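This is a predicted model, so every value here is computed, not measured. Here is the naming used below: chain letters follow the sequence lines, and residue numbers restart at 1 for every chain.
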Amino acid sequence: MYKFIGVRPCTFVYILLMVLTVFTWYVGVSGLSGLSFAFLVLGLSLLKGHLIGDYYMGLKTVSGIWGWVIVIWLILPGSLIAIAFYSAS
Amino acid sequence: MKNRNTPPGDLAIWIFIMAELSVFAIFFAVYAFTRANNVELFNESQLTLDRNLALINTLTLITSSYFVVRAVAAIRENNAKHCFNWIIAALLMGLLFLLVKSYEYNHHYSEGINLRTNKFYMFYFSLTFFHFMHVLMGMVILAANAIKTRAGNYTPENHTGLETGASYWHMVDMVWIILFPLIYVMR
Amino acid sequence: MTYQSQSVAKPYFIVAIALFVGQILFGTILGLQYVIGDFLFPEIPFNVARMVHTNLLIVWLLFGFMGAAYYLIPEESETELFSPFLAILMFWIFAVAGVLTILGYLLVPYATLAELTMDDLFPTMGREFLEQPTITKIGIVIVALSFLFNIGMTMLKGRKTAVSLVLMIGLTGLAVFFLFAFYVPENLVKDKFYWWFVVHLWVEGVWELIMGAILAFVLIKTTGVDREVIEKWLYVIIAMSLITGLIGTGHHFYWIGTPEYWQWWGSIFSAMEPIPFFMMTIFAFNMVNRRRRNHPNQAAVLWALGTAVMAFLGAGVWGFLHTLAPVNYFTHGTQITAAHGHMAFYGAYVMIVLTMISYSMPMLNGRKEANSNKSQIVEMWSFWIMTVSMVFITLFLTGAGILQTYMQRYTDTPISFMEVQDKVAIFYWLREGAGIFFLIGLIVYVASFFIGGDEPEATVKDAA
């Protein structure tokens, strides 16, 4: 039982997530296309997912395979999506 | 600093979460590969989507997830009242998401665009509708959590039910975080 | 047997086995008719034998599910069955109606049967697996509703468990979806669409709940693992079944005239239908590994493990092989389908009923926990003979199916259906051979009920 003092880590993560989201949106409305932007935006989304997994879902404090499941999940479809977009270009 | 070897919440929900994530992952991959065979169609149809509304939706879900994190933190600090308030705030964000999405769908339907229009729209509607249903389900779970919080069922030492609902909600958020760039932005 | 009223399960199980024997006899007739086309023609033409074979299967499995429920629910609810009299009454009604229907198939031309049963007043005949006259179907509904009422009232007055709840949901779903058998649209697309609401939502939907619940029950009883652990697994498994199986129905909507998106939805969701079966396999083996006791009924444990494995292979793996739309485009309606169908039905539903009978029949016959060693050994032999035979039936049909798909559809120079059938005939002969072995296994199974009855009950020391 204690009262938290200061800015919480989850708040920092929140702000970061919002910033990354706005950046992605910006890429979208600017119509920026091409493999580099696609990969950039994809990569950022995977990072966001990782942040949510570690900080929001609390997996950062989990040892063993359960601490890695989200990372694995992000990498697998992420890679497939990357391959698909690469083969489309 | 690792201090546990199972994730927060009931392990059963995590099995469920991984199963749901797998379905979405397959859907995402199939979308991406189908796009590779229909690049122009997908690029063209993608332009008709409203990225501004999607931004609002993404920010909404991230915010609601943040609120849920705050709710769990509150109960760990023995503040059930704040916990309840944070959950309500998260639910309101969820509701906002549903309303914006419904507005988007309505806009498409009024232009005669639906699941059968073309392959891109088939994926767009399928994926986002499927996600929509999960937002709904997540909200039902959170509402149950809110009721239990109000009834004093959670303590700082034992709030597994809340962590369970929170984990599911974060999954719903995470799916959208991938979905947003994949469907709305990447071209 | 803790509750006297559990004994009503016995007649259900006996008739189930009897109909099973009938089903397989007709199966062997059919297998021979594949290669000797006019075998038993015109007395028992192929289409009649087929109706008898498939309808007997479904009806004996229903008898098996009902018997399982009558045994399991009182024990789970810790109270006597609400009305044993009603259960026995329904038994006789179902049995008589079933026998009359089968005799109807065999003794009169189908069109005459339709006339005799006044099908034209409310036509529901003529669809695969739903060939029963409308009055039989109505009878089935009445029997099912009484059964659900009986079981439901029993549950209400007693302890509610996850096992009984899941079983009840599955059985209720079974009854509800059967109602679609009464919906026969004029439009052929809709006709086919809704037909699957009975068939798919049964075997790839609510029947999986029934199977899961019975498996969980037998594992609780034979391993002594904590109920909470087993029930948690059960919930996760059925959640996966429903998530994948409900929209997975779309894998039947690829080519019947429905919109194209079904090819996507059906492929993606049904591709994951093996997952719950995979989980059941892990679940079963895990629980047995973690057992707190060695149960004297080793035969039942063998059936339970075997069910999980064969269901995974037959329903899961073989189902997956032809579930994706691009593959199914070529394999649709071929012997691949038959291969999957046989192993899936046997692995999942035949075996779960036999598992339940294996577990409960000793007690229904007055034993404490298990049959004698001798009896169990004979029973286990029958398990292996039937199961290995089924594997070979499936392999042979798969071979036939692959060749058929290639020669009739995939190749650049396709040849006609009948020509292909001629060419794959060898596989049909081999299948028939395996089928005979299956019949032998079934005879050994029936024999196991009459062997070793005088010997003392197996004890844990006898067990492996």
Task: Residue among A/I65, A/L44, A/V69, A/L35 with most heavy-atom pairs under 4.5 Å to chain B - done: A/V69
TODO: Can you tell which part of A/T11 gets under 4.5 Å to a heavy atom of chain B, answering side chain, backbone, both or neither?
DONE: both
- [ ] Flag the one option from B/E163, B/R70, B/M18 with the top tally of heavy-atom pairs under 4.5 Å to chain A.
- [x] B/R70
TODO: Would you please go through residues 39-56 of chain B and name the residues with a non-hydrogen atom below 4.5 Å from one of chain A, in numerical order?
DONE: B/V39, B/R51, B/N52, B/L55
- [ ] Please flag which part of A/L74 lies under 4.5 Å from any non-hydrogen atom of chain B: side chain, backbone, both or neither.
- [x] side chain
Task: Residues of residues 164-187 of chain B near chain A, each having a heavy atom less than 4.5 Å away - done: B/S167, B/H170, B/M171, B/D173, B/M174, B/I177, B/I178, B/F180, B/P181, B/L182, B/V185, B/M186, B/R187
Identify every side-chain donor-acceptor pair in residues 136-145 of chain B under 3.5 Å, counting partners at least two apart or on other chains, and give the distances.
{"from": "B/N145", "atom 1": "ND2", "to": "B/Y154", "atom 2": "OH", "distance (Å)": "2.9"}
{"from": "B/N145", "atom 1": "ND2", "to": "B/G161", "atom 2": "O", "distance (Å)": "3.1"}

Open item on the list: Are the side chains of B/F33 and A/I83 in contact, using a 4.5 Å heavy-atom criterion?
Closed with: yes
Task: Contact residues of residues 104-131 of chain B (partner chain A; heavy-atom separation under 4.5 angstrom) - done: none
Open item on the list: Counting heavy-atom pairs closer than 4.5 Å to chain B, which one of A/P77, A/S63, A/G28 comes out on top?
Closed with: A/S63
Open item on the list: Taking side chain as everything from C-beta outward and backbone as N, CA, C, O, which of these in B/T63 sits under 4.5 Å from a heavy atom of chain A? Side chain, backbone, both or neither.
Closed with: both
Open item on the list: Between B/N5 and A/W66, is there a side-chain heavy-atom distance shorter than 4.5 Å?
Closed with: no
TODO: Determine whether A/M57 and B/P7 make a side-chain contact, defined as any pair of heavy atoms from C-beta on separated by less than 4.5 Å.
DONE: no
